[in-house]
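Below is one structure; the comments refer to it alone.
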Amino acid sequence: MTISTSNKPFLTRVKESENDHFMQQSVAKAQDAQWDKRTAARKELGNWEQWRDLGEQIRQHVIKYLPDYLEEFSDNVEKRGGHVFFAQTDEQAVNYIKKIAKEKKARKIVKSKSMVTTEIDLDKALMSLPETSLMETDLAEFILQEDNWDEPTHIVFPTLHKNRDQIKKIFSKLGYSGSNDPEEMAKFARKYLREYFMEADLGITGCNFAIADSGLINLVTNEGNADLTMAIPKTQIVVMGMERIVPSLKEAEVLDNMLSRSAVGQKLTSYCSFSGAQIDGESDGPTDFYVVILDNGRSNALGTAFEPVLQCIRCGACLNVCPIYRHIGGHGYGSIYPGPIGAVLSPVLDGYEKFGDLPFASSLCAACTETCPVKIPLHQLLIKHREVMMDELKMDHSFNNVLMKGAGVATSSPILFKIALEGDHVGSAPLSKNTATSVDNMFNYGHIEKAPSLASGWTDVRDLPRPPKPSENFRSWYKKHKKEQREGVHHD
């Protein structure tokens, strides 16, 4: 499993991300722009909540009958002259694809953007073959490849963390001598990639949706590079997660609409294509067509509370509304799947030992759940991960665990809880600072800027209000208020 992008501890990654001010500004700008575009595109479609219900129903139906639809899809691919391989692990998938590349004596390979091929680290595996070169043809992925295989920071916008000057410097290594104008650099990349396309003998794509009743695959792109990857080389390999399937074109049309509006705020992306093996009468397309259907930990979610994560259509909308992602960007998560969806999916695919920090990288504001086009309850699944780690697996062996158990005992005992309420105001005095009450500081009793132990996570980024006097806390107010209500006392 190679979804991990860093060996550094989570807090180290977060600190590095906090210091990357350009990345933070870029993420904030993209989130704000996508908010407007996404809202407008969904509104234009009309009845968005009903579309979400439909999208959820389609995805849940497919997952419920997944073996049946996978078998139907596989049969129809083979009827069209293609080949299907079911890979349980990333190693099985990579070895099968390398075997095809060797048999076809592939020397130049072109790839379109694909999260699942990144998941299995396919690029580097193929480039290890003798006399074999590979080119990522999506503009953003091409930039990352030429920058020493830098890791993506977003599911849809992989180079969000780079500016035009950085990209110009990367292109200069390829002979580019123009300005940092995006249009000029895009023209250079297009010319550079087109020449490679014409010489390619093997094409590899991902798959947005596999169509069960026809054996076709559905690709949605903005640049047309996936179409060239499918049309020019005589051999095509499609790599897909086993859950990326729909019963028919009718359901694919629904999800394509929702994907485009959620991912980039458009009615449809520039290229929405359906492909399979070339059949009699067709002038282009692959004569040798292979589909690799990958499990790689996805079946871990089946029949569990985490099964809804398989509904994901990889639109990235949850990243675009997440305040944590806005703060730490994609690299802070340490997984090729960042943001809320990554925080749920990564532990499912590769366990809590590597990704146990991610479910806690959330404010649980539920913005991700609210925006998800297929209604994955992301914030609830993050809570469920926490429950599994803390309550079932007992993974927290730190002193914080001792403190939480102590707090649990104290708050469950009325006597102890009352003692705490009587003493919290006086006890917090040594840590508190008093400043004049203002719009920025509404704390009547002062505030705590640096708290010990458990509360330090709060005071590292914000002030903690000092508890009020016992005679003025909420319980005292409520008792007095109910008494006045009973006595008919009214305040002007």
Side-chain angles (χ1 to χ4, degrees), residues 1-3 52-75 77 84-93 96 114-117 119-120 155 206-213 217 238-248 251-252 255 291-315 318 335-337 340-356 358-359 368-369 372-389 391-393:
M1 184 76 69
T2 53
I3 65 173
R52 290 183 74 208
D53 289 339
L54 180 58
E56 178 188 35
Q57 291 165 14
I58 292 171
R59 297 301 294 135
Q60 288 184 347
H61 170 79
V62 167
I63 293 166
K64 182 177 180 180
Y65 297 101
L66 191 57
D68 303 283
Y69 282 118
L70 287 173
E71 182 178 2
E72 181 183 3
F73 172 70
S74 176
D75 290 346
V77 169
V84 177
F85 178 76
F86 287 88
Q88 186 173 355
T89 66
D90 52 351
E91 184 178 10
Q92 290 176 1
Y96 179 76
S114 163
M115 293 299 297
V116 72
T117 58
E119 176 185 323
I120 64 176
I155 291 175
C207 174
N208 288 99
F209 304 108
I211 318 300
D213 70 350
I217 64 144
V238 177
V239 189
M240 58 173 278
M242 67 180 192
E243 80 283 10
R244 304 304 294 275
I245 196 162
V246 291
S248 68
E251 290 79 21
L255 294 177
V291 180
V292 177
I293 300 176
L294 182 70
D295 181 342
N296 208 33
R298 287 160 174 78
S299 58
N300 295 341
L302 292 174
T304 74
F306 300 106
E307 187 172 278
V309 76
L310 299 179
Q311 295 168 207
C312 179
I313 59 175
R314 302 293 190 271
C315 68
C318 60
S335 168
I336 65 164
Y337 297 113
I341 185 62
V344 175
L345 181 62
S346 300
V348 171
L349 294 181
D350 207 12
Y352 293 119
E353 290 300 322
K354 283 187 179 180
F355 297 109
L358 297 191
C368 50
T369 299
C372 178
V374 290
K375 301 184 75 171
I376 303 172
L378 288 163
H379 75 290
Q380 295 176 11
L381 296 181
L382 290 170
I383 294 172
K384 184 61 181 177
H385 271 312
R386 298 181 188 189
E387 290 177 356
V388 171
M389 285 187 282
D391 298 341
E392 297 178 25
L393 301 180

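Residues forming a side chain to side chain contact (heavy atoms under 4.5 Å, CB included) with Ser114 (at least two apart in sequence, or on another chain): Val116, Thr117. With sequence neighbours left out, the side chain to side chain contact (heavy atoms under 4.5 Å, CB included) criterion links Gln380 to Pro377.
Between Glu251 and Val246 the shortest heavy-atom distance is CB-CB, 4.0 Å. Heavy atoms only, all atoms of each residue included: Ala210 and Cys207 are closest at N-SG, 3.5 Å. Counting all heavy atoms, side chain and backbone alike, Gly303 lies closest to Glu307 at N-OE1, 2.7 Å. Contact record, Pro308 with Ile376: O-CG1, 3.5 Å, taken as the closest heavy-atom pair. The minimum heavy-atom distance between Leu382 and Pro359, with the atom names listed, is CD2-CA, 3.8 Å. Scanning both residues, Gly55 and Leu255, for their nearest heavy atoms gives CA-CD2, 4.1 Å.
Atom CD1 of Ile341 and atom SG of Cys312 lie 4.0 Å apart (nearest 0.5 Å). One finds the CD atom of Gln88 at 6.0 Å from the CG atom of Asp295 (value rounded to the nearest 0.5 Å). Atom-to-atom distance recorded for Arg244:CZ and Met115:CE is 10.0 Å, nearest 0.5 angstrom. Remark: Leu378 CG to Lys384 NZ distance equals 16.0 Å, nearest 0.5 Å. Annotation: the span from Leu302 atom CG to Asn300 atom CG amounts to 8.5 Å, rounded to 0.5 Å. Rounding to the nearest 0.5 Å gives a distance of 11.0 Å between CD1 of Ile313 and CD1 of Ile155.
Between Tyr352 and His385, the ring planes lie perpendicular to each other; the angle is over 60°, past the 30° to 60° tilted range.
Considering only heavy atoms from C-beta on, Arg314 comes within 4.5 Å of Tyr337 through its side chain. Glu72 is not listed as a side-chain neighbour of Pro247, based on a closest heavy-atom distance of 4.5 Å or more. Residues Val292 and Met240 form no side-chain contact, since every pair of their non-hydrogen atoms from C-beta on lies 4.5 Å or further apart. Counting heavy atoms from C-beta on, the side chains of Pro347 and Phe306 never come closer than 4.5 Å. In this structure, the side chains of Asn296 and Leu349 stay at 4.5 Å or more apart for every pair of heavy atoms.
No donor-acceptor pair under 3.5 Å is formed between the side chain of Ser248 and the backbone N or O of Asp213.
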> Could you walk me through whether Ser299 and Met242 pass the side-chain contact (heavy atoms from CB on, under 4.5 Å) check?
Replying inline: CA-CA 9 Å; Ser299 58; Met242 67 180 192; 3.9 Å; yes
Show me the donor-acceptor pairs within less than 3.5 Å that the side chains of residues 58-71 make with the rest of the protein, sequence neighbours left out.
unit_1	atom_1	unit_2	atom_2	d
Arg59	NE	Gln311	O	3.0
Arg59	NH1	Glu243	O	3.3
Arg59	NH1	Ile245	O	3.3
Arg59	NH2	Glu243	O	2.8
Arg59	NH2	Leu310	O	3.0
Gln60	NE2	Glu56	OE2	3.4
Gln60	NE2	Gln311	OE1	3.3
His61	NE2	Tyr69	OH	2.6

